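To start, the structure itself, in structure tokens.
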Amino acid sequence: HRDKKRDKEKVKEKEKAKEKERDQGKEKERNWDRDKEKDRERNKERNRDKEKDQEREKERHKDQERVRDKDRDRDRDKDRDKDREKNKEKEKEKDRAEVDQNKEKDDVTKGEKDREKIKGKEGDKDRGGKEDKEKEKDEKKEKEQEREKGRDDKKKKEKRSRTPPRSYSSSRRSRSSSR
């Protein structure tokens, strides 16, 4: 009888031990699943962080590129402005050089004309002033023609002043009649 009791107790203990083992196994499995899930979550977080970092890095690169482009454009504009200024200066220099050359040419031609005049005067002195007399005659004729023109103009003006325009005379008449 005792043996049976002992056997029953042993069987119960064995069953309890098996159940404990099962529970422990289940617990281990649960813990293992939990750990795996945690690992997955951590990996997801890491991946998200990596993606965010990559996005930030891309943005940073874009910003740097924009800044670089702006700097490049600014430098290009400055270079263009400098080139324009240089070209303007070159044009001014060319213009100045042209003006100087023209002045020199004018001076040379004036000098030649002056020499010719001097030679001409010397030649006139040698001829006895015949050309001077002819010039004086021409000048007298021109003056006489101008005087005649002036006389003709005066005569025309006098004629005009003798006969006032109709509107003027009629207005005078109306004034005198109203008095």
Side-chain angles (χ1 to χ4, degrees), residues 1-121 142 146 149 153 156-157 160 164-172 174-175 178:
H1 203 71
R2 274 188 201 152
D3 288 340
K4 276 185 181 179
K5 254 188 184 179
R6 261 192 234 138
D7 285 343
K8 276 184 183 179
E9 281 177 24
K10 279 183 183 177
V11 169
K12 277 184 182 178
E13 280 177 28
K14 279 181 184 177
E15 280 179 19
K16 277 183 184 177
K18 280 182 183 177
E19 213 168 294
K20 248 188 192 180
E21 273 181 40
R22 260 189 249 133
D23 287 345
Q24 284 175 351
K26 284 180 182 176
E27 192 65 33
K28 277 183 184 176
E29 212 171 292
R30 273 189 227 122
N31 288 341
W32 190 74
D33 285 346
R34 227 181 275 135
D35 290 345
K36 279 243 173 180
E37 194 63 35
K38 283 180 184 176
D39 285 344
R40 276 191 214 121
E41 286 298 316
R42 276 190 221 121
N43 285 338
K44 281 182 184 176
E45 281 296 315
R46 273 190 224 121
N47 287 340
R48 276 189 216 126
D49 291 346
K50 280 182 185 175
E51 285 174 9
K52 283 181 184 176
D53 289 345
Q54 284 174 349
E55 285 296 315
R56 281 191 212 117
E57 198 66 26
K58 281 181 186 176
E59 284 298 315
R60 200 176 312 126
H61 279 296
K62 281 182 185 176
D63 290 345
Q64 287 174 350
E65 197 121 333
R66 280 188 209 117
V67 168
R68 227 178 286 132
D69 289 346
K70 282 181 184 177
D71 290 345
R72 199 178 308 129
D73 290 346
R74 198 177 310 124
D75 291 345
R76 210 178 291 142
D77 289 346
K78 282 181 184 177
D79 290 345
R80 272 193 215 127
D81 290 345
K82 284 180 185 175
D83 289 346
R84 280 190 201 126
E85 288 298 316
K86 284 180 184 175
N87 289 339
K88 283 182 184 177
E89 286 298 317
K90 285 180 184 176
E91 287 295 319
K92 284 181 184 176
E93 284 297 317
K94 282 182 184 177
D95 291 347
R96 286 185 199 133
E98 269 184 46
V99 169
D100 291 345
Q101 283 178 347
N102 290 340
K103 281 184 182 176
E104 287 175 15
K105 284 180 185 175
D106 290 347
D107 292 346
V108 169
T109 53
K110 277 185 184 176
E112 288 175 2
K113 285 181 183 175
D114 290 346
R115 280 188 219 116
E116 286 175 12
K117 280 184 185 176
I118 292 168
K119 284 180 185 176
K121 285 181 183 176
E142 284 177 19
E146 284 177 21
K149 259 190 186 178
D153 290 344
K156 286 179 183 175
K157 280 184 183 177
R160 278 190 220 131
R166 263 191 220 133
S167 59
Y168 179 72
S169 61
S170 62
S171 65
R172 282 185 83 190
S174 62
R175 270 194 226 133
S178 63

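Hydrogens, waters and symmetry mates play no part in the numbers below; they use all other heavy atoms, side chains included. Keep in mind that what you see is a predicted model, and the values were worked out from it rather than measured.
Note on Arg34 versus Glu37: no salt bridge recorded, every NZ/NE/NH1/NH2 to OD/OE distance being 4.0 Å or above. Under the 4.0 Å criterion applied to side-chain N and carboxylate O atoms, Lys103 and Asp106 are not assigned as salt-bridge partners. In summary, Asp81 and Arg84 engage in a salt bridge, as defined by a charged side-chain N under 4.0 Å from a carboxylate O. Taking the charged nitrogens against the carboxylate oxygens, Asp53 and Arg56 do have a contact shorter than 4.0 Å, which makes a salt bridge. Salt-bridge annotation for Lys26 and Glu29: absent, with no side-chain N of the basic residue lying under 4.0 Å from a carboxylate O of the acidic one. Using a cutoff of 4.0 Å between basic side-chain nitrogens and carboxylate oxygens, Arg60 and Glu57 are scored as salt-bridged. Comment: Glu65 engages Arg68 in a salt bridge, judged by a side-chain N to carboxylate O separation of less than 4.0 angstrom. Under a 4.0 Å N-O distance rule, the pair Asp73/Lys70 does not qualify as a salt bridge. Look at Glu45 and Arg48 and you find a salt bridge, because one of the NZ, NE, NH1 or NH2 atoms lies within 4.0 Å of a carboxylate O, short of that distance. No salt bridge links Lys36 with Asp33; every basic N to acidic carboxylate O contact stays at or beyond 4.0 Å. Using a cutoff of 4.0 Å between basic side-chain nitrogens and carboxylate oxygens, Arg72 and Asp75 are not scored as salt-bridged.
Exactly one residue among Arg22, Glu15, Lys16, Glu21 makes a side chain to side chain contact (heavy atoms under 4.5 Å, CB included) with Lys18. That residue is Arg22.
Contact check for Asp77 versus Arg80: side-chain heavy atoms found under the 4.5 Å cut-off. Between Lys52 and Glu55 the shortest side-chain heavy-atom distance does not fall below 4.5 Å.
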(request) Verify side-chain hydrogen bond (donor to acceptor under 3.5 Å, both in side chains) between Asn43 and Arg46, making sure each step is shown before the conclusion. (result) CA-CA 5 Å; Asn43 285 338; Arg46 273 190 224 121; 2.7 Å; yes
(message) Glu93 vs Lys90, test: salt bridge (Lys or Arg N to Asp or Glu O under 4.0 Å). Steps then yes/no.
(response) CA-CA 5 Å; Glu93 284 297 317; Lys90 285 180 184 176; over 6 Å; no
(request) Test Lys105 against Val108 for side-chain contact (heavy atoms from CB on, under 4.5 Å), laying out the working first. (result) CA-CA 5 Å; Lys105 284 180 185 175; Val108 169; 5.6 Å; no
(request) Applying salt bridge (Lys or Arg N to Asp or Glu O under 4.0 Å), run through Arg66 and Asp69 and close with a yes or a no. (result) CA-CA 5 Å; Arg66 280 188 209 117; Asp69 289 346; over 6 Å; no
(request) Evaluate salt bridge (Lys or Arg N to Asp or Glu O under 4.0 Å) for Lys20 paired with Asp23, printing each intermediate quantity in order. (result) CA-CA 5 Å; Lys20 248 188 192 180; Asp23 287 345; over 6 Å; no
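Rounding to the nearest 0.5 Å gives a distance of 8.5 Å between CG of Asn87 and NZ of Lys94. To the nearest 0.5 Å, the span separating NZ on Lys50 from CG on Asn47 amounts to 6.0 Å. Expressed to the nearest 0.5 Å, how far CD of Glu91 lies from CD of Glu98 amounts to 9.0 Å. Separation of atoms CZ (Arg30) and CD (Glu27) is listed at 5.0 Å; rounding is to 0.5 Å.
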